Colleague: 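Just dropping this structure here.
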Amino acid sequence: MVYRREIDGLRAMAVLPVILFHAGFHAFSGGFVGVDVFFVISGYLITSIIIAEKQAGSFTLLGFYERRARRILPALFVVMFVCLPFAWPWLMPEDMRSFSLALIAVTGFASNILFWRTSGYFDPDAGLNPLLHTWSLAVEEQYYLFFPVFLMLAWRLGRRWTVTLLVVAASASLAAAQWGSIHTPVAAFYLLPTRCWELLIGSFVAFHFARDQVAQAGPAARQIGSMAGLLLIAWAVFTFDEQTPFPSLYTLAPTVGAALIILFAGRETLVGRILGSRLPVGIGLISYSAYLWHQPLFAFARHRSMDEPAGLVSAALIVATIVLAFLSWKYVETPFRNAHRFSRRRIFSCTAAAGALFVAAGSVGSLSGGFEDRLSTEQRRISEYSEYDYREIYRYHECFIGPENTYRDFSRNCQNTGGKGDSLLLWGDSYAAALSQGLRAFHGNVIQYTASACPPVVETVFPDRPNCLEINEFVISEVARIRPVQIFLHANWHDYAREGALPNLRKTIGRIRKVSPDTRIVLIGTPPKWEPTLPVYAIRKGISLNREQYFLMPGFKSLEKVDKELALLASKQGVIFLSALNNLCIDEKCLAVVGFKNGYELTAWDNAHLTEASSLLLARKLLEENKIYQQDRPQPVGLQAQY
């Protein structure tokens, strides 16, 4: 193939936004589309090589997979190996177990399937996984497991039929991506069937250039086409964000943009000269290694700091990424591509040995529960909170239902509490379910309707919570039937605010007033959120469960900002707002350990869900603040006298 400098420059344009996105620079909110640009480049280059070899009669599957092994595995295995000594002291058992499973999955190019089953790419804790970025390598290698075989079989049908079949496959894949972005967004993001159309776009460009006679576009068309491609990618990088359905029709912007640059950019075009200049080309040459190194660096930095890296730290990590990428490119990538230095047999034997090492290490780490024996007795006691049994106190599968359930799964016991006095209806998600134990202890007549990941926001569709719309309509009908004296609306408002759901709370308030005008509406803010979880935070801080303790909570400002939005909304709507932060925090320090049952307990068993002790504490404080707490009610067993 003729070397094109602008394609290396396009690689730089792909990798830098990804790095800046993972570094937390908000201006690059759509930086993740750099992966899609990589897919197009890969599809173009690999297909071009296969076509050239097929035309020359020199193509073999063994040779193809040898080249893939030389290109992908040496640098990948070096990065994985370097991760091991840092994972041992820095990762908590649950994180270590996830990392161990990832070692196995990455070795088998199945990490995208693992992450599909265990986490979403945009989940708050996704940035803590050192190997999360390998999902894209898995997609590519799964694609290249089938694509060359297809070309070998379809080649005898002729170019027209081959391209026609690929167009049909790409169209079906794009349609599946669009549907999946609405109905199964995590699966659509990670899996090959909804991603292969992006690689096929690059393949179509390769087939275009492989024609016997390729019509050359005029200078003006090449300038316009390449500039349009550049603008499409830039538009996606700076305007897309975590709420953009992806992959979907939106993904056409960066992928078509990349295709236009490959088609039209050249030395005679402005875009070609920019991308073909020395700096972009240099970054493009080391782009693969840069992609491999950046995620572990940022993930381990987050594990150590328990917060997003500061601006200077992020800048230093980016510099470290580039330095490590250069060293990896020069001393790992380049030598292993040289067939004279490393024969085919040596490449495959080294691959098998390294793969066996990682599978063995991953298996031991997984089966040992993330090497729990590394922890002290007190640390193990705290780590056991990851297995906290919340089902009974949350009334799981009764008044707290899962994402797979419908409103028909609510038990009749949710509305028939048997208590006396003013009725209080608690409506919300798992955060509300966590608060329910405390409310029931201090207020006898509590009606509980809570559903996992389903905020009390009516007339709003949440794509990954398909039953939420009907659940909320059911609760409204119950409000009309019961006409409770008051309603508590509580949820993980912080995360729903990122989804743009807060303004629709007005609809909920309006619907309640319409069906039950005399009901008193109380909006309760998000409780403290510890990253990655309070148990992990406690272990890293050396916290012991021996006294009440407040600690600086990373991310407090973000929660406080959402509280202010809720307070303003409540004021405009004429409803009551009660802040969980104000009741559990002093300045930016929040209660982490609380007295309970002649001992002490963490206030959250994961990042924010209340334990029984903190549910009792917060409920009492909220009810006191709301001036409905009955002083003559007996104090629940286990709550310390000072509360």
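What you see is a predicted model, and the numbers here were worked out from it, not measured in a lab. Note that these values count all heavy atoms, side chains included, but never hydrogens, waters or copies made by symmetry.
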Colleague: Would you call Y143 and L200 a side-chain contact if the rule is heavy atoms closer than 4.5 Å?
Modeller: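 Yes, side chains in contact.
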Colleague: Would you say the side-chain atoms of T533 pair up with the backbone N or O of V536, donor to acceptor, closer than 3.5 Å?
Modeller: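 Side chain of T533 to backbone of V536: a pair is present.
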Colleague: Are more than 12 heavy atoms, taken from residues, nucleotides or ligands other than R117, located less than 6.0 Å from that residue's CZ atom?
Modeller: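 Not more than 12 within 6.0 Å, no.
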Colleague: Could you name each residue pair satisfying salt bridge (charged side-chain N to carboxylate O under 4.0 Å, His left out) that touches residues 25-37, not counting sequence neighbours?
Modeller: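 Qualifying pairs, neighbours excluded: D36-R195.
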Colleague: Distance check, rounded to the nearest 0.5 Å: L10 atom CG versus I41 atom CD1?
Modeller: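 Going from the CG atom of L10 to the CD1 atom of I41 covers 3.5 Å.
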Colleague: For W235 and F240, I'd like to know if the aromatic rings sit close, meaning centre-to-centre distance below 6.0 Å.
Modeller: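 Here the rings of F240 and W235 have centres that are less than 6.0 Å from each other.
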Colleague: Will you find, in the side chains of Y291 and S136, an N or O donor that is under 3.5 Å from an N or O acceptor?
Modeller: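 Side-chain D/A pair, Y291 to S136: present.
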Colleague: For F410, run the ring-ring contact (aromatic ring centres under 6.0 Å, His included) check against F400, Y449, W427, Y396 and tell me which one passes.
Modeller: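 Per the ring-ring contact (aromatic ring centres under 6.0 Å, His included) rule, the option paired with F410 is Y449, out of F400, Y449, W427, Y396.
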Colleague: To check you understand the geometry: which heavy-atom pair defines the closest contact between A258 and I233, and what is its length?
Modeller: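 Reported closest heavy-atom pair: N-CD1, 3.8 Å.
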Colleague: Which atom pair, heavy atoms only, marks the closest approach of S29 to T239?
Modeller: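 Answer, listing the atom of S29 first, then T239: OG-C, 4.3 Å.
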Colleague: Tell me whether T450 contacts the main-chain N or O of C399 through its side chain, where contact means a donor paired with an acceptor under 3.5 Å.
Modeller: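 Yes, the answer is positive, given that a donor and an acceptor are paired below the 3.5 Å cut-off.
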Colleague: Assess the side chains of E333 and S289: does a donor N or O sit below 3.5 Å from an acceptor N or O?
Modeller: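 Side chains of E333 and S289: pair found under 3.5 Å.
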Colleague: Is there a side-chain contact between E459 and N504, using heavy atoms and a 4.5 Å cut-off?
Modeller: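 Answer no - side chains too far apart.
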Colleague: After noting the C-alpha distance and the side-chain angles of L145 and Y65, does the key distance pass the side chain to side chain contact (heavy atoms under 4.5 Å, CB included) rule?
Modeller: CA-CA 9 Å; L145 186 64; Y65 292 125; 4.2 Å; yes
Colleague: Is the backbone of I347 close enough, under 3.5 Å, to the side chain of T351 for a donor and an acceptor to pair up by distance?
Modeller: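 Here the side-chain-to-backbone pair exists.
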Colleague: Got a sec: does the CD of E392 have more than 12 other heavy atoms crowding it under 6.0 Å?
Modeller: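 For E392, atom CD is not crowded (no more than 12 foreign heavy atoms under 6.0 Å).
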Colleague: Nearest 0.5 Å, what's the CD1-CZ distance between I50 and F64?
Modeller: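 So the CD1 of I50 and the CZ of F64 are separated by 4.5 Å.
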Colleague: Verify side chain to side chain contact (heavy atoms under 4.5 Å, CB included) between L324 and L297, making sure each step is shown before the conclusion.
Modeller: CA-CA 10 Å; L324 288 171; L297 287 174; 4.0 Å; yes
Colleague: Using 0.5 Å steps for rounding, measure from the CZ atom of R540 to the CE atom of M92.
Modeller: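 That separation rounds to 5.5 Å.
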Colleague: Report yes or no: does Y394 contribute a side-chain atom to a donor-acceptor pair with the main-chain N or O of Y431 at less than 3.5 Å?
Modeller: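 Flag not set: sc Y394 to bb Y431 has no pair under 3.5 Å.
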Colleague: What's the verdict on ring pair (Phe, Tyr, Trp, His ring centres under 6.0 Å) for F146 and F150, showing C-alpha distance, side-chain angles and the deciding distance?
Modeller: CA-CA 6 Å; F146 301 106; F150 166 80; over 10 Å; no
Colleague: Kindly indicate whether the side chain of L502, heavy atoms from C-beta on, has any atom under 4.5 Å from the side chain of V562.
Modeller: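 SC-SC contact between L502 and V562 confirmed.
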Colleague: Which of parallel (below 30°), tilted (30 to 60°) and perpendicular (above 60°) describes H294 and F298?
Modeller: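 Geometry flag for F298 against H294: perpendicular rings.
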Colleague: Please tell me if the side chains of F371 and L91 come closer than 4.5 Å, counting only heavy atoms from C-beta onward.
Modeller: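 No, too far: nothing below the 4.5 Å cut-off.
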Colleague: Checking the side chain of T611 only, and the main-chain atoms of L602 only, is there a donor and an acceptor separated by less than 3.5 Å?
Modeller: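 Answer holds: yes.
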Colleague: Over all heavy atoms of both residues, which pair between T526 and A491 is shortest? Give the atoms and the distance, please.
Modeller: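 For T526 versus A491, the nearest heavy atoms are OG1-O, 3.8 Å.
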Colleague: Is N472 reaching over with its side chain to a backbone N or O of P455, donor-acceptor style, under 3.5 angstrom?
Modeller: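 Such a contact is found between N472 side chain and P455 backbone.
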Colleague: Please find the pair of heavy atoms, one from A12 and one from P17, that lie closest to each other, and give the distance.
Modeller: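 So the two residues come closest at O-CD, 4.1 Å.
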Colleague: Step by step, work out the side chain to side chain contact (heavy atoms under 4.5 Å, CB included) result for F189 and W116.
Modeller: CA-CA 8 Å; F189 188 92; W116 161 52; over 6 Å; no
Colleague: Going from CZ on F99 to SG on C83, what distance comes out if it is rounded to the nearest 0.5 angstrom?
Modeller: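 So the gap between those two atoms works out to 5.0 Å.
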Colleague: Should R380 and E384 count as an ion pair when the cut-off is N to O under 4.0 Å?
Modeller: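 Salt bridge between R380 and E384, a charged N being under 4.0 Å from a carboxylate O: no.
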Colleague: Taking the side chain as C-beta and beyond, is there a heavy-atom pair between F204 and V167 under 4.5 Å?
Modeller: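 A side-chain contact exists here, since the closest heavy-atom pair is under 4.5 Å.
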Colleague: Any idea which heavy atoms bring F28 and L20 closest together, and the distance?
Modeller: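 Residues F28 and L20, closest heavy atoms: CZ-CD1, 3.4 Å.
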Colleague: Heavy atoms, side chains only, cut-off 4.5 Å: are L375 and S383 in contact?
Modeller: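 Sidechains of S383 and L375: in contact.
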Colleague: Around atom CZ of F81, are there more than 12 heavy atoms of other residues, nucleotides or ligands at under 6.0 Å?
Modeller: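 No, the 6.0 Å shell around CZ holds no more than 12 heavy atoms from other groups.
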Colleague: Which label fits W135 and Y190: parallel for a plane angle under 30°, tilted from 30 to 60°, or perpendicular past 60°?
Modeller: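 Ring orientation, 0 to 90° scale: perpendicular.
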Colleague: Going by atom types alone, do S42 and Y144 pair a side-chain donor with an acceptor below 3.5 Å?
Modeller: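 Note: S42 and Y144 side chains meet the donor-acceptor criterion.
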Colleague: Using a 3.5 Å distance criterion without hydrogens, assess whether the side chain of T194 forms a donor-acceptor pair with backbone atoms of L191.
Modeller: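 At least one qualifying donor-acceptor pair exists.
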Colleague: Is any side-chain heavy atom of P296 less than 4.5 Å from a side-chain heavy atom of H133?
Modeller: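 Yes. Closest side-chain heavy atoms under 4.5 Å.
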Colleague: When rounded to the nearest 0.5 angstrom, what distance separates OG1 in T251 from CH2 in W197?
Modeller: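 Here the interatomic distance stands at 5.0 Å.
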Colleague: Indicate the ring-plane relationship of W493 and Y496, choosing parallel, tilted or perpendicular according to the 30° and 60° boundaries.
Modeller: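 Perpendicular: the ring planes of W493 and Y496 meet at over 60°.
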Colleague: Could you walk me through whether D409 and H397 pass the side chain to side chain contact (heavy atoms under 4.5 Å, CB included) check?
Modeller: CA-CA 7 Å; D409 295 307; H397 284 322; over 6 Å; no
Colleague: Taking side chain as C-beta onward, heavy atoms only, is I201 less than 4.5 Å from F39?
Modeller: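 A side-chain contact is absent here, since even the closest heavy-atom pair is not under 4.5 Å.
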Colleague: Could you check whether any side-chain N or O of Y44 sits under 3.5 Å from a backbone N or O of A259, counting only pairs where one atom can act as donor and the other as acceptor?
Modeller: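 Looks like no, no N/O pair under 3.5 Å.
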Colleague: Tell me whether R68 is salt-bridged to E140, with the criterion being a basic N under 4.0 Å from an acidic carboxylate O.
Modeller: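 Yes, R68 and E140 are salt-bridged.
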Colleague: Would you check if the side chain of S181 reaches a backbone N or O of Q178 as a donor-acceptor pair within less than 3.5 Å?
Modeller: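 Present.
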Colleague: Is it the case that the side chain of T118 and the backbone of L114 share a donor-acceptor pair, with hydrogens and angles ignored and the cut-off at 3.5 Å?
Modeller: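 Pair found, side chain donor or acceptor close to backbone of L114.
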Colleague: Report the distance from atom CD of E94 to atom CD of E387, rounding to the nearest 0.5 Å.
Modeller: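 CD of E387 is found 7.0 Å from CD of E94.
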Colleague: Could I get the full list of disulfide bond (SG atoms under 2.5 Å apart) partners for C468, not counting sequence neighbours?
Modeller: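 Scan of C468 (disulfide bond (SG atoms under 2.5 Å apart), adjacent residues dropped) gives C454.
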Colleague: Could you check W605, Y385, Y537 and say which one makes a ring-ring contact (aromatic ring centres under 6.0 Å, His included) with W530?
Modeller: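 Among W605, Y385, Y537, the one meeting ring-ring contact (aromatic ring centres under 6.0 Å, His included) with W530 is Y537.
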Colleague: Measure across L174 and S248 and return the closest heavy-atom pair with its distance rounded to 0.1 Å.
Modeller: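 Residues L174 and S248, closest heavy atoms: CD1-O, 4.1 Å.
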